[in-house]
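A short write-up of the structure that comes next.
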Amino acid sequence: MRETSPGAAREPRPRTGRIRRIGLPYLLLLPALLLELLVHLVPMVIGIVMSFKELTQFYIRDWGTAPWSGLGNYKVSVDFDAPVGEALLHSFFVTVGFTLLSVALCWLIGTAAAIYMQDTFRGRGLLRALFLVPYALPVYTAVITWVFMFQHDNGLVNHVLHDQLHLTDRPSFWLIGDNSFYALLTVSVWKGWPFAFLIVMAGLQNIPKELYEAAALDGAGIWQQVRRITLPSLRPVNQVLVLVLFLWTFNDFNTPYVLFGKAAPESADLISVHIYQASFVTWNFGTGSAMSVLLLLFLLVVTGVYLLFTSRGRRAADA
């Protein structure tokens, strides 16, 4: 009888151990993937199916029995000569303008504050903590506070602008009319710029201080250092930051909903609130789902184009 050496019997074990090491990370990620599937992907698929149905208040109890409408809801949404499509197009333009202004101001204020905080001075830690307060506060608490501040008769904003500084002839209405856009923009920037400040401040830690010292010895001023050293070094951080701010701001629902309620003014009719009104106020869930799918496609296209251009710019800079 041929005897098997101990070494030959142990040969499969290293391979089995390698498979276990490779499979262990995926096994640990499995609960998170399942949770992501339940929380995001399943409702997304259901929403897409609902967009092809004539789902109104008459079929809420059993939405599966709603008649199949095909692309009818999409045709109604993109018919810009009809009232529904015209209102959606107006809301889209308002959201684009609001998002661009909010992202630009958040990035500008956050970057300026982060650069200023790089210098050592007394009270810097306390000031950093105060800067992060708007970001740390719950959204509803912060926005409700602004609702009281924007009140017409006894709000702090009118008290300062009209009673103290005398910049207006009479107290302004901030939560209705054209001023509602500026009120919404103010709250969005106040709430969002600390996140930009936090991300940029973390990115500044990776820039060697020797670069600034060498630039100062060469006679470069503060603005030249920011332009030639800080901003180019922060380019990868800013690319991700701008994209995240854009997606968050474009999809923001809590801020306008708490600020204005279910019926946002025309000048502050963001697309997130508009889709909510189309779904839960007029009870036309099919049309609202179609608008949501169109919004998702738009954000996917914008994200893809943005990543394409930023990757090309990064390759050109590295070359």
Task: Sole residue of Leu307, Leu300, Val301 in side chain to side chain contact (heavy atoms under 4.5 Å, CB included) with Thr303 - done: Leu307
Open item on the list: Among Leu185, Ile271, Asp269, which residue satisfies the side chain to side chain contact (heavy atoms under 4.5 Å, CB included) criterion with Phe98?
Closed with: Leu185
Open item on the list: Is the ring pair Phe195/Trp248 parallel, tilted or perpendicular, if the boundaries are 30 and 60 degrees?
Closed with: tilted
TODO: Look at the side chain of Thr186 and the backbone N and O of Tyr182, then say whether any donor-acceptor pair between them is shorter than 3.5 Å.
DONE: yes
- [ ] Nearest 0.5 Å please: distance from the OG atom of Ser172 over to the CG atom of Asp178.
- [x] 11.5 Å
Open item on the list: Could you check whether any side-chain N or O of Tyr74 sits under 3.5 Å from a backbone N or O of Leu294, counting only pairs where one atom can act as donor and the other as acceptor?
Closed with: no
TODO: Report yes if some heavy atom in the side chain of Phe121 is under 4.5 Å from a heavy atom in the side chain of Tyr116; otherwise report no.
DONE: yes
Open item on the list: Could you walk me through whether Phe92 and Phe298 satisfy the ring-ring contact (aromatic ring centres under 6.0 Å, His included) test, starting with their C-alpha distance in whole Å, then the side-chain angles of each, then the deciding distance to 0.1 Å, before giving a yes or no?
Closed with: CA-CA 11 Å; Phe92 173 77; Phe298 170 76; 5.0 Å; yes
Open item on the list: Tell me whether His162 contacts the main-chain N or O of Thr168 through its side chain, where contact means a donor paired with an acceptor under 3.5 Å.
Closed with: yes
Open item on the list: Once rounded to the nearest 0.5 Å, what's the spacing between atom CG of Leu101 and atom CZ of Phe181?
Closed with: 5.0 Å
Task: Greater than 12 external heavy atoms within 6.0 Å of Glu266's CD - done: no
Open item on the list: Would the distance check show the side chain of Asn73 and the main-chain N or O of Lys53 forming a donor-acceptor pair, the cut-off being under 3.5 Å?
Closed with: yes
Exercise answer: donor-acceptor pairs, residues 222-232 side-chain atoms, under 3.5 Å, sequence neighbours excluded:
residue : atom : partner : partner atom : Å
Gln224  : OE1  : Gly221  : N            : 3.2
Gln225  : NE2  : Ala220  : O            : 3.2
Thr230  : OG1  : Tyr212  : OH           : 2.7

Task: No-hydrogen, no-angle side-chain donor-acceptor test under 3.5 Å, Thr249 and Thr99 - done: no
Open item on the list: So if I apply the side chain to side chain contact (heavy atoms under 4.5 Å, CB included) rule between Ser77 and each of Thr287, Ile275, Val293, Leu89, which one comes out positive?
Closed with: Thr287
Open item on the list: Using the ring centroid of each side chain, check whether Phe173 and Phe150 are separated by less than 6.0 Å.
Closed with: no
Task: Flag, side chain of Ser69 to backbone of Phe52, donor-acceptor distance under 3.5 Å - done: yes
- [ ] Examine distances only and state if a side-chain atom of Thr111 and a backbone atom of Leu108 form a donor-acceptor pair shorter than 3.5 Å.
- [x] no
TODO: Could you walk me through whether Trp193 and Phe131 pass the ring-ring contact (aromatic ring centres under 6.0 Å, His included) test, one step at a time?
DONE: CA-CA 9 Å; Trp193 78 264; Phe131 282 174; 5.2 Å; yes
Task: From CG (Leu30) to CG (Leu35), nearest 0.5 Å - done: 11.0 Å
Task: Donor-acceptor side-chain pairing of His159 and Asp163 below 3.5 angstrom - done: yes
Open item on the list: Could you see if Leu130 belongs to whatever hydrophobic cluster contains Trp190? Use Ile, Leu, Val, Met, Phe, Trp, Tyr and a side-chain cutoff under 4.5 Å.
Closed with: no
Open item on the list: Is it the case that the side chain of Ser51 and the backbone of Ile48 share a donor-acceptor pair, with hydrogens and angles ignored and the cut-off at 3.5 Å?
Closed with: yes
TODO: Measure the CG-CZ distance between Leu270 and Phe253 for me, rounded to the nearest 0.5 Å.
DONE: 10.5 Å
